[in-house]
Amino acid sequence: MPVVVLTKRAGPSTLGPAHLSRIPISLIKMNNEYSNKTVEGRVIHKGPLVSLQPGNYILKAVIQEHDSPPNASSEDTSINIVLLGPLATDFSSAVNQGDVVVASGFTVGKSPTFRKDKLHRCNLLLSGDACVYVSRPPPPPPDPTSLPAMKRSTVLSTEVSRSTKTTKYTYVRLNDLKVGSVVNVYGVVVFFKQPFRSRGTDFCSSLKITDQSNQKISCTIFCDKVDSHPKIFQIGDIVRMHRFKAQFFKDTIMLVNTFGFSVMAFDGAVGGAMEPRTSSRTYHFDQDDQRAVEELRLWAANQGLLPLVPTTPLSAVQPKTYFNLTCQLLAKAPVDSTCTLLRVWDGTRCPRSLLKVIVEPNVTEGPSSLSSAKENLIANVLVYDNHVEFARQLKLGAFLRIYNLRAIPGSSKVPGLTSSQSEEVDHLAFHLHGGTAYGRGIRLLPENSPDVQELKRVIEAFEEDEDKVPELNDSEMLDVWCTPPESLDGDTVTCSTERSCSHNIQPVTLSELKRSEPGRDHHVRVQLRSYEPLRLHQALKLYCSKCETMQDVPDDELVAELFSEASRYSGPCTPPQWALSGQVSVPRDSLGTPDRTLHVHLSTQLMSEGKSKELIFLMGATLEETCRLADGYQNIVPVRPSGGHLALLDLSAPFLFRGRKRYYGCKQCSEAALTEVSAEGVQVIDEKVIAEALGVQLLQFVLLMKLKLQDATDTLDVFLWRDAELFFNVSAEDVAADQEAQSSICHTVESLCPAEGSTGGRPWLDLCLTTYQAEDDQGQIQTCYQICHTTITTPSSTRPDPEPA
DNA sequence: GCTTAGGTTTTG
């Protein structure tokens, strides 16, 4: 009887055997005897089942004292529990995050992760005769007070354990549905609508799913309880559906729920959390299910079914498009009977100014004024018609995903009072139109979803930055704001740059500058006469801070060839001991290339920490496939077989894919070896952590340009390198990954140096230049100049000024 | 208790 599920919460004292006494988590110590004690807590983390050897599993979880004082430290209230053998499998299938459990028969060990997770210094080890009792919130009436507490737990307890006989479900492939039959199916979601109120008594939700048969099947779910509907967050999610009836509609077969139906949903990313999204209190979920989910995930990833951009941050929203937004609700206000205003943010800044909607302060729920920095990040979303009801129920601070939100530029009229920021301003309004077409709707995201965790990180980062602003001291402020506009021709001249250095020096002319001693900083007022490279993507370089060399970014064609070379070779290969490996075959394509197998290797250590999605090693994939998979994983390291073992690709190829970003290593300075990447003591597994673990000397993306400056007295060639990112207000890494960041640089440069014959003049630039001496190719000492501490402020709105005299 | 919707963009 290793794991016992009590379907009714009977009070802490009745959970677990009565002859044992409960010990608070804070009092647990090493070397004490706990055979007559129990520990009680809420499961706040449940790790995946990790296979030690065939049939033998380990599972880690964290429980937290649920009735501890709110100010108690996590060290006193939360403890790791480690379950071994059948207990692990039973726990995995019977216990959910959020459940309250009581454990007995445990032993106490030293927690190896204490420094990292700041939880209790000990952990609880459960194996053999240990026992876990689980309680769940009570189901709706019958009236629970009608039975004495002790009797209740006996009457209503059910046992979910390896000894319990459970119904074995069989699942039908989607191309094998027979009209009239009631079936169980698995599928990958390719389209979905959130539950919406039907004209009847129920809520209705729609899904379209597919599976390895490639058949696409529409499904309809009717149920009066929204919570029983599938919890789909994005395309690519996986669903398991029980008791659905196949029927004909419009010459095609589809599925509708029947009596006793149930639906479970899972994250669709390979290696993602195995935690089912379900409202069922008890459910069957075993290793076959786990395998079914993993198989579908791999298949879907390889089919490209996972969306490239599941949701769009406000910083990337394009006008006139429909997009999905993951955001936090800050305030709301009813506008009229068909429209409600939701004020939301995601911590990123939309480059367009956003529509300001003014509603009367006394109808607004939430803060009426926010810091102006925060205010600039807030998007006003107008939701209409059927969505108003849902919006009304939303609580402030909730994390939402809004599907099929429309970004409307410029002159759209909105109900209520629009501020003086009127139609000629290029602003964006966000509308959630009425209806459910294209899955339009709003979904509440649970706190533990990875997307919410990510959103919180971004928001926290913004709030930290905001706290820093007042630290700018007065003299710095004066220098930034009071640099007197020096005008060569006596008129006030608009300037497109802003210096942020603390030098208190007068500007000099270029001819004066050329006569002065090197090794000093200067301020100049100049125009941009020309620049190199003309093809701006060539300005992007890879720089090694160790050997101080710079190289070009390898082009896609070369990288693709390295990948296809690596994927063609398929000799025998033993994965390292720390890896858990899986494979998926890529069917022959229309060009008749032979079947290939993709191999995925995951670190068992990371898996046991619930971080399997954070890093995978991928073998046999093409560049394109790798890029596609990079959407589902935080980190992908491409590998190839070499001498019977796994090795990194040639370092001309990126050694790491993080979303759209690629990272390269220095061939000269790296001593690459495929070793396990440990997340010990690190917050985020990022490129630095991985590079270090793999012995790769990380190359840094940098921008390098040569600019020819001019003023009335002379011209001067200067470099833009060290402070290039500051100058353009972009990161080189973003430029490498993001077309928009590239075009922003192009526009900036073009506005500073308009093409011959164009009407725009050259704006004046206030620059801070540093001079230094360096050897040129021939070994000659030369004086060099670099632009420092300077940022372009208004490239597009600069008025043309007359040519210098 | 046996209906609801049946993807496919508001018209603010």
Side-chain angles (χ1 to χ4, degrees), chain A residues 177 179-180 182 187-210 216-226 228-230 232 234-237 239 243-261 305 307 312 317-325 333-342 355-359 380-389 391 402-418 423 427-443:
Chain A
L177 300 174
V179 172
V182 173
V188 181
V189 174
V190 294
F191 172 80
F192 66 99
K193 278 185 182 183
Q194 299 299 338
F196 58 94
R197 206 180 275 289
S198 74
R199 285 174 216 272
T201 58
D202 292 333
F203 283 89
C204 173
S205 52
S206 291
L207 295 183
K208 186 174 268 180
I209 60 172
T210 186
K216 292 190 174 51
I217 295 290
S218 293
C219 313
T220 302
I221 296 102
F222 293 110
C223 185
D224 56 349
K225 289 185 282 296
V226 175
S228 300
H229 284 256
I232 309 299
Q234 68 170 63
I235 305 270
D237 281 353
V239 283
R243 295 180 202 90
F244 274 65
K245 188 173 184 174
Q247 47 183 240
F248 251 121
F249 176 74
K250 278 195 188 161
D251 291 338
T252 129
I253 205 157
M254 49 93 60
L255 291 168
V256 185
N257 59 318
T258 63
F259 183 73
F261 85 99
L305 288 180
T312 308
V317 168
Q318 293 297 315
K320 297 185 188 171
T321 57
Y322 291 88
F323 65 103
N324 299 335
L325 178 68
V335 174
D336 60 36
S337 63
T338 66
C339 178
T340 287
L341 168 69
L342 300 181
L355 175 81
K356 305 256 188 314
V357 182
I358 296 178
V359 290
N380 286 306
V381 175
L382 291 160
V383 312
Y384 289 95
D385 304 339
N386 53 317
H387 309 297
V388 167
E389 180 196 347
I402 307 178
Y403 299 91
N404 198 237
L405 191 55
R406 187 176 177 202
I408 303 178
S411 64
S412 59
K413 299 244 186 335
V414 294
L417 300 157
T418 306
E423 299 175 10
H427 63 241
L428 275 189
F430 299 109
H431 289 221
L432 184 69
H433 292 303
T436 63
Y438 282 91
R440 200 176 294 143
I442 305 176
R443 162 121 231 159

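Below, chains carry the letters A, B, ... as their sequence lines are ordered, and counting in each starts from 1.
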Is [X] near enough to [N] that one of its side-chain N or O atoms lies under 4.0 angstrom from OP1 or OP2?
| X | N | result |
| --- | --- | --- |
| A/Lys208 | B/dG6 | no |
| A/Lys193 | B/dG6 | yes |
| A/Lys250 | B/dG7 | yes |
| A/Arg199 | B/dA5 | yes |

In this structure, how many angstroms lie between the [atom2] atom of [N] and the [atom1] atom of [X], rounded?
| X | N | atom1 | atom2 | result |
| --- | --- | --- | --- | --- |
| A/Asn324 | B/dT9 | CG | C1' | 13 Å |
| A/Lys320 | B/dT9 | NZ | C1' | 16 Å |
| A/Phe192 | B/dG6 | CZ | P | 16 Å |
| A/Asn257 | B/dG6 | CG | C1' | 14 Å |

Between A/Lys193 and A/Thr436: side-chain donor-acceptor atoms closer than 3.5 Å: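 Distance-only check passes for A/Lys193 and A/Thr436.
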Between A/Arg440 and A/His433, a side-chain donor and acceptor under 3.5 Å: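 No.
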Aromatic ring of A/Tyr438 stacked on base six-ring of B/dT8, 5.5 Å, 30°: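 It does not: the two rings, one from A/Tyr438 and one from B/dT8, miss the stacking criterion.
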Verify stack between A/Phe222 ring and B/dT4 base, 5.5 Å, 30 degrees: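 Stack criterion met.
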Results of side chain to side chain donor-acceptor pair (under 3.5 Å) for A/Asp202 - residues two or more places apart only: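 Once residues adjacent in sequence are excluded, A/Asp202 has no partner under the side chain to side chain donor-acceptor pair (under 3.5 Å) criterion.
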Point-to-point distance, once rounded to the nearest 0.5 Å, from NE2 of A/His387 to CD1 of A/Ile402: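 Those atoms lie 10.0 Å apart.
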Name of the residue among A/Val381, A/Val388, A/Leu432 meeting side chain to side chain contact (heavy atoms under 4.5 Å, CB included) with A/Thr340: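 So the option named by the test is A/Val388.
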Sugar-phosphate only, base, or nothing, as touched by A/Thr338 at under 4.0 Å among non-hydrogen atoms: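 The answer is base, as A/Thr338 lies within the cut-off (heavy atoms under 4.0 Å) of a base atom.
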Can you tell me whether the side chain of [X] and the base of [N] have a donor-acceptor pair closer than 3.5 Å?
| X | N | result |
| --- | --- | --- |
| A/Asp385 | B/dG12 | yes |
| A/Arg406 | B/dT10 | yes |
| A/Arg440 | B/dT9 | yes |

